[in-house]
Every structure is written in C-alpha cells, then in structure tokens.
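Quick caveat, the model's predicted, so the values are computed rather than measured. Labels below follow one simple rule: chain letters A, B, ... track the order of the sequence lines, proteins then strands, and each chain is numbered from 1.
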Amino acid sequence: MKEAPESLNFLEQIIEEDLAAGLSQDKLRFRFPPEPNGYLHIGHAASICLNFGLGERYNAPVNLRFDDTNPAKEEQEYVDAIKRDIQWLGFKWASECYSSDYFQQLYDWAIHLIKNDKAYVDGQSAEVQAEQKGTPTTPGVESPHRNQSVDENLDLFERMKKGEFEPGSYVLRAKIDMTSSNMLMRDPILYRIVNKPHHRTGDEWCIYPLYDWAHGESDYIEQVSHSLCTLEFKMHRELYDWFLDQLHDPSLLRPKQREFARRNLSYTIMSKRKLLQLVQENVVSGWDDPRMPTISGHRRRGYTPESIRKFSDVAGISKRDNITDVSLLEFCIREDLNKKATRVMGVLNPVKLVITNYPNGKVEMLAMENNPEEENSGTHEVPFSRELYIEREDFKEEAGSKYFRLTLGKEVRLKSAYIIKGESVVKDENGNILEIHCTADLDSRSGSGTEASQRRVKGTLHWVSIQHAIKAEVREYDRLFLDEAPDSHEDKTFMDFINPNSLNVVKEAYLEPFLADARMEDKFQFQRLGYFTLDKDSIEGKLVFNKTVGLRDSWAKQAPKPAQTQNPAKPNTQNQGHRNPLNEIQKISKKYTNLSGDKLSAARENILKLAEGVSYEDLEPLFNTAAKKVGTRIGVTLALGVLLSKGQERNEAINSFLQEASEDGNELLSSEAKAIL
RNA sequence: UGGUCUAUGGUGUAACUGGCAACACGUCUGAUUUUGGUUCAGAAGAGUCUAGGUUCGAGCCCUAGUAGACCAACCA
C-alpha cells in the first residue's frame with residue numbers, strides 16, 4: 001500500500017526538516033505554557049491540540065508548564081481549571097511544570113549575565129525609561145546607569161532581591177542595543193520588584209522575572225525542542241535567541257521558537273482579559289457560562305471533547321489572520337452528537353392536542369428508538385394517551401403546501417405513534433388557540449405492522465403525554481455578540497455588540513418521563529429540536545437542560561429569519577482591492593480569451609457595463625499591459641470604447657494603444673480595436 | 001513616516017524539488033427518510049491582492065507596489 005499523500009502543516013514541515021538535518025527524534029519535546037490568569041478558551045484548544053498532537057505524532061513528551069511569573073494576576077483557581085480542561089480534552093502531559101520552579105536558576109543566570117557585563121540595574125522611573133526607549137521610528141538613548149560597574153550592579157541586584165527597595169524603584173535590564181529596530185531589544189527588563197505573595201512561592205521572592213527572561217530559559221531547562229507560540233510573539237524571537245546565546249551549553253539541546261496564527265471564531269472574542277471583563281461585569285454567569293468560548297463553557301453547553309479536537313484538527317494551522325466561521329464548530333459537534341445522543345421527545349412551547357377518538361384514561365407504552373444511527377442502541381418506552389402537548393409552531397389552521405405540519409383536515413404522524421388528522425380548534429375570546437382536536441387512525445400505530453401503519457404522510461411531529469410529562473427548565477443560547485468580529489472595530493468596543501437575546505430560558509418545558517433519570521454526562525437529541533444536556537444547576541426534581549446546538553434546519557431558512565443571524569456588513573480583515581469597477585474588469589478580462597459563446601458575450605456585456613464607472617485616469621496606466629496579456633488588453637479596449645463614446649478626447653496614448661491592438665495577432669483583440677479606431 | 005509577518009472560492013486549510021488549483025464547512029438541487037435530522041448523488045462558486053519579469057510552463061522564483069496584522073506594559 002502506498003502511503004496516503006498526507007499534507008503537513010508548516011510546523012510539521014519544520015520539524016521534519018530538523019529531523020532530516022540530524023535532530024534525533026527522541027530529542028523532540030513540546031510544551032503547552034498557559035499563564036494561570038484565566039480560563040482556557042477554544043483558541044487555546046487549538047494550541048493544546050497542536051502541541052499534544054505533535055507529541056502523539058512523534059511519540060514525544062509534552063509538558064504542561066504554567067507561566068506563573070506575575071503574582072499580581074495569577075491564582076490557584078486558574079491552575080486547577082486549566083488542568084481540568086486539558087484532561088477533559090483527553091490529553092496527558094509528561095510533567096507538570098511551573099516557571100516559578102525555576103526562579104533560583106533564573107536568578108543565578110541573571111547574576112551570570114551581570115558578571116559578563118550583559119545586564120545592569122537601572123534606578124530610573126518607568127516613565128523616564130519609556131522616554132529613553134524611543135519609538136519604532138526613532139532610536140532610543142542609553143540609560144545613565146548602563147555603564148555602572150559590575151560590582152555596583154551585583155550589589156544593587158542583591159539588595160533588590162533582599163527586599164530593600166520599593167516596587168518600581170529598580171529593575172534589572174539586559175544590555176543589548178538601544179538603537180535596534182526591534183523595540184524588544186532596547187535593553188529589555190529582566191526583573192522587577194513585586195510585593196505580592198505568589199500562589200506557589202509565597203513570600204520567598206520579591207523580584208520576579210518577566211516573560212522574555214523566563215520563557216525561553218524555561219524551555220531550555222526542560223529541553224523543549226520546539227517552542228510553539230502565537231504570532232504576536234514573533235518579535236520576541238530575537239530576544240529569545242539572544243538570551244540563549246548568553247548561556248547555552250552546546251552539549252544541550254537548544255530550543256527553537258516558532259509562531260503560528262491564533263484561532264479566531266466568528267461572533268466571539270478570544271482574549272482572556274476581555275472574557276474576564278464579561279465575567280466581572282456579569283454579562284455572563286461565569287467563566288463556564290454556556291455562551292462563553294471557554295473550554296469549560298463549551299463543556300457545560302454539551303460539547304464533547306471529541307468535537308473540539310475534531311474542530312482544531314479540521315481548522316488546521318497556518319500563519320495568516322483568520323476568523324473561522326462558527327458553523328464549522330457546529331458541524332463538528334452535530335456530527336459527533338448525531339452518533340451518540342439518545343433520541344427523546346420534549347415540547348418547549350406547548351399547545352394542547354386532544355385525540356377525540358382515543359379512549360379517556362387509556363395509556364399505551366410505545367417503543368421509541370434510542371438512536372437510529374446505531375444498530376444496537378435499543379428502545380425505551382414512551383407513554384401515549386388521549387391528551388398531548390405538541391409545539392405551537394407545529395400547527396396552523398391553514399397553510400400552504402410547503403408546510404408539512406398539522407393543519408385542519410391534513411394528516412401527520414405523531415412520532416412512534418399514530419397518524420392523526422386535524423379536525424377543529426378551541427379558542428379563547430381573543431382568538432388564541434387553547435386546544436386542537438384531532439382524530440387518530442387507530443390502525444396506524446408505529447411498528448404494529450398493519451397496512452395503515454405503513455402509510456406515508458408528509459409530516460412527523462414530536463409530542464408528550466400531558467399526564468405523564470415531567471416539567472423542566474430549558475435554556476437556549478444564541479451567539480453572545482451580534483458582530484462577526486466584535487473586537488476588531490476601531491470606533492467601538494466588543495461591549496457595544498453584546499447580543500441582548502443570547503439567553504432564552506424556557507421555565508416550563510414538558511419532557512417525556514424517561515428524562516427524569518438523566519445524568520450529567522448524558523447527551524440527548526430532543527427530536528426535531530436539537531441536542532441537549534443537563535446543566536449543573538439541576539437539582540433532584542428540578543432539572544435544567546442546556547441546548548447545545550440545534551439541528552440543521554433547512555425549513556427555517558426558507559421561512560423569515562427569526563433574528564439577526566446575518567450580518568451583511570463584512571468587516572473583512574484583508575481588503576484585496578476588488579471593489580472598484582476597473583478591478584472587476586481586469587478580473588473578468590483575464591479569462592476572456594478562454595471563453596466562448598454565451599459566456600463570452602456575457603463577459604463582454606459585463607465589461608461594457610462596468611466601464612461606465614471607470615475614469616480615463618484610472619484606465620490609462622493599463623495601456624502598457626504586457627503584450628501577451630491579451631485578455632486584459634481586450635478589457636481595456638472595451639472600456640476605452642465606452643469612454644470614447646461618452647466623449648473622451650482622443651490623444652496620443654489612446655491612438656497608439658488602439659493602433660497596436662488592432663494589429664495584434666489575436667482576432668478578438670484586433671477586431672475590438674478596429675471597431676473603435 | 002521604522003521593522004517584522006501575512007495575502008489562494010463566502011469561511012478555514014491543501015497543492016512535495018515550478019506542470020492546467022484540491023479538501024472540509026457553508027450554499028443550492030435531487031433521492032432516501034416515521035426527525036424539514038441523518039445518509040446518498042450532484043451542482044454552483046476562486047484562476048491564487050496588483051503590475052512587471054524569469055520560464056516551453058508560475059499560486060509557488062525575482063522586482064516594484066497595495067492591503068491587513070504585530071511591535072514602544074516593571075503583562076504574558
């Protein structure tokens with residue numbers, strides 16, 4: 001068998017190259033390095049799946065490392081939540097590491113830098129130092145402390161460590177290059193003083209390393225071969241390498257930082273800081289609110305680990321900015337749940353249905369398939385009786401032929417039960433429907449094998465027996481934001497796009513009694529409605545269900561849209577400049593010579609129409625289009641014809657362009673040119 | 001106005017050392033269906049940001065543009 005022509009992402013290609021260049025595969029090692037200052041979200045899931053996926057692919061260890069160098073923001077709660085989420089996704093880390101475990105080593109290395117005259121203690125204020133740093137376009141100036149003696153630096157750093165100074169009074173800086181075009185190389189800070197207890201080291205330290213000093217060195221200590229991070233750290237690579245240059249022992253592996261684009265999802269945000277704001281301002285109920293893009297939010301909502309891993313896998317990894325449509329995530333969870341979820345019935349917006357020819361007091365237990373997607377999933381029993389609830393939207397007194405549901409005089413099947421026909425309605429004085437009366441074809445019971453049971457009717461409805469139904473709360477969710485990219489607007493913040501209707505609580509839904517025994521980990525499909533799972537707010541006798549995601553609904557698409565699902569104004573990240581008519585013409589023209597017949601004349605018409613919006617000033621530069629780009633020249637010729645007919649004066653440029661075109665070997669071009677010459 | 005990175009259907013990714021742009025989602029048909037679900041069959045949709053160049057041949061190479069992202073926290 002030939003190997004499948006598998007395509008590698010660019011990071012896998014880099015690793016393959018390193019392997020080919022002599023890196024031994026058993027040296028491969030990865031890490032996932034979250035800062036414990038918030039909960040993990042779906043973007044982190046991409047990074048987790050990437051790193052742990054590489055670990056699985058190359059049979060290499062993957063460390064979980066908490067980047068805990070800022071005691072002001074970090075908490076044990078977050079450490080615990082992060083571990084829980086990674087485990088839930090199904091990954092096992094080789095070692096649980098903490099940057100804080102390396103504080104002593106980092107300190108020793110800092111001393112080493114000072115002794116080599118590569119670092120110095122600066123006692124200027126943050127403002128002054130910022131001033132001296134310059135801007136991306138102007139070089140910085142050196143600190144007056146830059147050339148202090150090694151001994152003085154050693155002494156000051158020692159006293160920083162001992163806690164003799166106030167926060168902000170002194171920092172340790174690397175001595176690199178205040179004129180570098182990379183701002184991070186302008187004598188970056190290695191240590192600052194923070195008088196806050198650390199969640200692991202307590203009061204042991206009062207100086208803390210900054211990210212750049214801690215991260216690469218931690219990678220080095222752990223002998224991580226490939227340190228993968230998001231694109232915003234690209235600039236840090238130069239510093240990462242500089243630090244390693246100062247202390248790398250050639251007998252040890254030297255870590256390599258590479259960057260990939262973070263995963264963005266449409267209609268949500270992926271910033272821990274902003275998610276924290278949603279939590280703190282009570283826009284959501286917490287980090288695990290089912291509307292949150294966090295892993296814990298998705299879990300609570302009913303997503304499976306498999307679906308999130310599938311999503312990360314199918315979305316892939318690259319270096320370009322992206323906004324992945326949520327529909328891809330929704331596809332992944334539906335695909336998984338379709339195979340797993342137990343089919344049940346529940347009515348969220350009930351209206352009473354009376355089967356007038358069904359005996360009062362009679363109860364039948366009907367068999368209902370647990371999962372038609374799975375052979376041996378079995379059945380469970382659903383009680384059927386004279387009085388039922390069905391969804392209000394499933395009945396109309398009269399409707400067009402495209403409406404497959406219950407109307408007066410038309411037949412539909414009650415799922416797993418009988419075929420019924422609408423007969424009459426009972427209304428209150430305001431015209432609201434109180435009851436629907438129907439008759440059942442009593443021979444048509446599902447599975448009875450009778451001829452009537454085989455009859456086909458257009459629609460099938462779900463239902464519950466009123467007398468047997470259990471009541472439960474059902475929470476339905478919509479996207480949290482109304483904008484596709486809520487945090488990418490210059491004039492507005494993400495808070496301006498909060499969807500006021502993102503949560504819909506159905507206080508009293510009616511569910512089949514089977515659901516009374518539901519457990520937290522169960523996944524259900526409420527037939528025709530969507531996938532649901534128990535929420536943690538459930539208590540004995542008062543269940544709460546979360547709607548994970550609806551079923552695909554090709555009926556709803558035809559009907560008028562319920563809400564703001566579409567957002568016509570595309571913020572689109574990258575403007576490729578196809579907007580103006582001239583660009584359109586160029587685009588059409590390119591393939592002009594490949595066209596024939598109707599398509600050709602349509603393209604010609606199109607160009608002529610678009611040419612109405614083109615100015616001569618814009619068109620003229622295209623006169624010197626390369627000779628072999630015949631299509632483009634035809635387009636230009638056609639557009640020029642339109643301009644001339646509108647009164648554009650002929651000039652030398654026009655005449656020589658047309659002359660040349662009319663003599664061209666391509667007939668299409670020459671004839672168009674001759675026509676207007 | 002400095003530096004770095006990126007640019008392929010509506011979206012996300014492919015295309016190995018150049019060889020007539022592929023896959024998934026989404027969209028639209030049709031069939032199947034006791035879920036307007038699923039499944040199956042099919043269709044439409046880009047000629048690869050622009051212009052020039054090298055080449056028999058360019059999404060891949062070269063040049064010049066354009067657009068977007070990132071960089072001046074004692075955050076990570």
Side-chain angles (χ1 to χ4, degrees), chain A residues 5 7-9 13 33-35 37 67 69-70 72-73 126 129-130 133-140 167-168 170-171 180-184 186 189 191-194 208 210-212 214-215 229 231-238 259 261 263 266 272-273 314-325 327-332 334 338-339 343 345 369 372-373 402 404-405 412-417 419 446-447 453 456-462 525 527-530 551-558 570 572-578 583 586-587 590-591 594 621-622 624-626 629:
Chain A
S7 71
L8 305 177
N9 66 45
Q13 284 175 18
E35 182 191 10
N37 68 340
D67 221 340
T69 57
N70 184 4
K73 283 183 169 179
Q129 289 185 48
K133 201 154 193 175
T135 71
T137 49
T138 59
Y170 288 95
V171 291
S180 172
S181 58
N182 182 349
M183 297 296 289
L184 292 160
R186 325 248 261 227
I189 297 171
Y191 276 95
R192 81 291 215 184
I193 299 168
V194 183
Y208 290 89
L210 276 97
Y211 167 85
D212 288 295
H215 200 94
C229 59
L231 239 26
E232 65 264 30
F233 291 100
K234 174 71 219 237
M235 292 301 175
H236 295 248
R237 187 149 116 198
E238 192 179 356
E259 310 81 14
R263 173 86 24 219
S266 61
K272 276 197 260 184
R273 204 201 89 233
V314 84
I317 213 89
S318 74
K319 290 180 78 163
R320 46 174 179 162
D321 288 346
N322 59 79
I323 303 178
T324 306
D325 203 292
S327 64
L328 187 61
L329 216 210
E330 292 181 344
F331 161 78
C332 293
R334 285 192 187 109
N338 179 47
K339 288 181 295 193
R343 269 56 173 181
M345 294 194 289
E369 256 184 317
E373 302 298 313
K402 277 165 71 182
F404 300 166
R405 309 175 184 189
V412 293
R413 175 174 289 280
L414 293 174
K415 178 75 184 172
S416 300
I419 293 172
S446 295
S453 74
R456 297 178 158 201
V457 288
K458 194 74 177 161
T460 302
L461 269 38
H462 60 276
Q525 185 197 90
Q527 300 220 41
R528 304 211 300 136
L529 295 179
L551 260 26
R552 272 187 81 225
D553 191 348
S554 45
W555 164 246
K557 278 180 210 151
Q558 299 172 26
K570 284 234 176 229
N572 200 359
T573 47
Q574 311 216 333
N575 174 12
Q576 256 90 56
H578 279 303
N583 280 332
Q586 287 179 270
K587 208 171 168 181
K590 268 191 169 181
K591 47 182 174 180
N594 301 334
L622 293 182
N624 45 33
T625 297
K629 303 208 170 179

Looking only at N and O atoms, is any donor in the side chain of A/Arg456 or the base of B/U33 less than 3.5 Å from an acceptor on the other one? no
To the nearest 0.5 Å, tell me how far A/His462 NE2 sits from A/Leu529 CG. 4.0 Å
Check the distance between B/U27's P and A/Phe331's CZ and give it to me in whole angstrom. 12 Å
Nearest whole angstrom, please: distance from the C1' of B/G37 to the CZ of A/Arg528. 10 Å
Could you check whether A/Gly530 gets within reach of a base, just the sugar-phosphate, or nothing at all, counting any heavy atom under 4.0 Å? nothing
A/Arg343 backbone acceptor or donor facing A/Gln527 side chain under 3.5 Å: no
So, the side chain of A/Arg405 versus the backbone of A/Val412: is there a donor-acceptor pair under 3.5 Å, distance only? no
If each of A/Ser327 and A/Lys402 is mapped to the nucleotide of RNA chain B with the nearest heavy atom, which maps nearer the 5' terminus, i.e. the 5' end? A/Ser327
Once you round it to whole Å, what is the distance between C1' of B/U4 and CZ of A/Arg186? 14 Å
Does a distance-only test, which skips hydrogens and angles, find a donor-acceptor pair under 3.5 Å between the side chain of A/Arg334 and the base of B/G37? no
So, for A/Ala214 and A/Thr69, which heavy atoms are closest and what is the spacing to 0.1 Å? CB-CG2, 3.6 Å
What integer distance in Å separates A/Lys319:NZ from B/A69:C1'? 13 Å
Can you list the steps and then say if A/Lys234 with A/Arg237 is a side-chain contact (heavy atoms from CB on, under 4.5 Å)? CA-CA 6 Å; A/Lys234 174 71 219 237; A/Arg237 187 149 116 198; 4.1 Å; yes
Write down the distance separating the P atoms in B/G59 and B/U17, rounded off to the nearest Å. 15 Å
Are side-chain N/O atoms of A/Asp325 and A/Ser327 paired as donor and acceptor at under 3.5 Å? yes
With distance as the sole test, does A/Arg192 use its side chain to make a donor-acceptor pair with the main-chain N or O of A/Gly168 at under 3.5 Å? no
Within the structure shown, what part of the strands sits under 4.0 Å from A/Lys234 by heavy-atom distance: base, sugar-phosphate, or nothing? sugar-phosphate
Where the side chain of A/Arg263 meets the backbone of A/Gly316, is there a donor-acceptor pair that is under 3.5 Å apart? yes
So which atom in A/Asn338 and which in A/Glu373 form the shortest heavy-atom distance, rounded to 0.1 Å? O-CG, 3.4 Å
Just compare B/A69, B/U13, B/G36 and give me whichever is closest to any side-chain atom of A/Ser554. B/G36
Given protein heavy atoms under 4.0 Å, the one-letter contact record of nucleotides 71-76 of chain B, with B base, S sugar-phosphate only and - none, is simply SB-BBB
With rounding to the nearest 0.5 angstrom, report the CG to OG1 distance, A/Leu329 to A/Thr324. 9.0 Å
Checking the side chain of A/Arg528 only, and the main-chain atoms of A/Met345 only, is there a donor and an acceptor separated by less than 3.5 Å? no
B/G68, B/G37, B/G36: which one has an atom nearest the side-chain heavy atoms of A/Leu551? B/G37
The dot-bracket string of RNA chain B, counting Watson-Crick and G-U wobble pairs with both distances under 3.5 Å, using [ ] for crossing pairs and | for pairs to another strand, is .((((((..((((.....[..)))).(((((.......))))).....(((((..]....))))))))))).....
Is it the case that the base of B/U39 and the side chain of A/Glu373 share a donor-acceptor contact (distance under 3.5 Å, atom types as modelled)? no
Filtered N/O pairs between nucleotides 14-17 of chain B and protein, under 3.5 Å:
from: B/A14; atom 1: OP1; to: A/Ile317; atom 2: O; distance (Å): 3.2
from: B/A14; atom 1: O2'; to: A/Ser7; atom 2: OG; distance (Å): 3.4

Before we go on, tell me: are the rings of A/His215 and A/Phe233 under 6.0 Å apart, centre to centre? no
Length of the CG-C1' vector between A/Asn338 and B/U35, whole Å: 10 Å
Please state how far atom CD in A/Glu330 lies from atom C1' in B/U11, giving the value in whole angstrom units. 13 Å
Integer-rounded Å distance: B/U13 P and A/Ile323 CD1: 11 Å
Have a look at B/G47 and give me syn or anti from its glycosidic angle (syn if within 90° of zero). syn
Run the salt-bridge test on A/Lys73 and A/Glu35 with the 4.0 Å N-O cut-off and return the result as yes or no. no
In whole angstrom, give the distance that lies between atom CD of A/Gln527 and atom C1' of B/U33. 13 Å
Nearest-nucleotide 5' precedence on RNA chain B, A/Leu414 against A/Arg552: A/Leu414
A/Thr137 has a side chain; which of B/G36, B/U35, B/U1 sits nearest to it? B/U1
Nearest of B/G12, B/C25, B/G36 to any side-chain atom of A/Leu328? B/C25
